[in-house]
> 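Before anything else, here's the structure in question.
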Amino acid sequence: SDRSTPGRWTGGRTGAAPGTFDIDGNVGDIGGIQQKIVGAYNDGARLFLVPEANCDEAAASSLADKVQLIQVSTLDDAVQALER
């Protein structure tokens, strides 16, 4: 994580990755994503990993133009997105 190795995953940017992963590494959808984007933004996040099922709702966020929203379906997607 970035706590143990600063900048390793986010290049020094603050990011957020709410949601769940199942045992197979699939990302689950989450409720209240627009509010979570606002909370993450207020805490300094400028990168937000969005479960695939929540993409339309996340894109409608009033902060969608200020936060980099990245669609993820699996844990591997999330790791690859952060490495990019």
Side-chain angles (χ1 to χ4, degrees):
S1 78
D2 270 11
R3 287 187 179 171
S4 62
T5 310
R8 177 173 177 217
W9 297 106
T10 63
R13 296 180 297 169
T14 301
T20 61
F21 297 101
D22 68 15
I23 196 160
D24 295 320
N26 298 305
V27 176
D29 62 331
I30 56 174
I33 193 162
Q34 290 188 6
Q35 293 83 1
K36 288 179 172 90
I37 292 170
V38 170
Y41 181 83
N42 288 341
D43 284 342
R46 298 301 179 262
L47 172 79
F48 196 97
L49 300 181
V50 179
E52 182 177 12
N54 295 107
C55 283
D56 289 341
E57 186 179 0
S61 167
S62 62
L63 294 172
D65 60 336
K66 296 181 188 212
V67 177
Q68 182 180 4
L69 302 173
I70 301 173
Q71 175 183 316
V72 294
S73 299
T74 66
L75 178 58
D76 287 340
D77 289 348
V79 170
Q80 289 174 14
L82 293 174
E83 289 178 338
R84 284 193 297 270

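The first residue of the sequence shown is numbered 1, and numbering continues consecutively from there.
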> Would F48 and I70 satisfy side chain to side chain contact (heavy atoms under 4.5 Å, CB included), going step by step from the backbone distance to the final call?
CA-CA 6 Å; F48 196 97; I70 301 173; over 6 Å; no

> Shortest non-hydrogen contact from L69 to A64?
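Shortest heavy-atom separation between L69 and A64 comes out as CD1-CB, 4.0 Å.
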
> In this structure, are over 12 heavy atoms from other groups packed under 6.0 Å from D56 atom CG?
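No - once you tally the heavy atoms of other residues, nucleotides and ligands closer than 6.0 Å, there are 12 at most.
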
> Please report the closest heavy-atom contact between S61 and Q34, naming both atoms and the distance.
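Shortest heavy-atom contact: N-NE2, 3.9 Å.
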
> Which heavy atom in V38 sits nearest to a heavy atom in L63, and how many Å separate them?
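Nearest pair, atom of V38 first, then L63: CA-CD1, 3.7 Å.
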
> Which heavy atom of Y41 sits nearest a heavy atom of R46, and at what distance?
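Looking at all heavy atoms of both residues, the closest pair is O-NH1, 3.0 Å.
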
> For A58 versus V50, what's the shortest heavy-atom pair and its separation?
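That would be CB-CG1, 3.8 Å.
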
> Where the side chain of D24 meets the backbone of N26, is there a donor-acceptor pair that is under 3.5 Å apart?
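Pair absent, no side-chain N/O of D24 close to backbone of N26.
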
> Give a yes or no answer on whether the side chain of D77 reaches the backbone of T74 with a donor-acceptor pair at less than 3.5 Å.
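Side chain of D77 to backbone of T74, a donor-acceptor pair under 3.5 Å: yes, one is there.
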
> Between CD of E57 and CD1 of I30, what distance do you get to the nearest 0.5 Å?
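Nearest 0.5 Å value for the CD-CD1 distance: 8.5 Å.
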
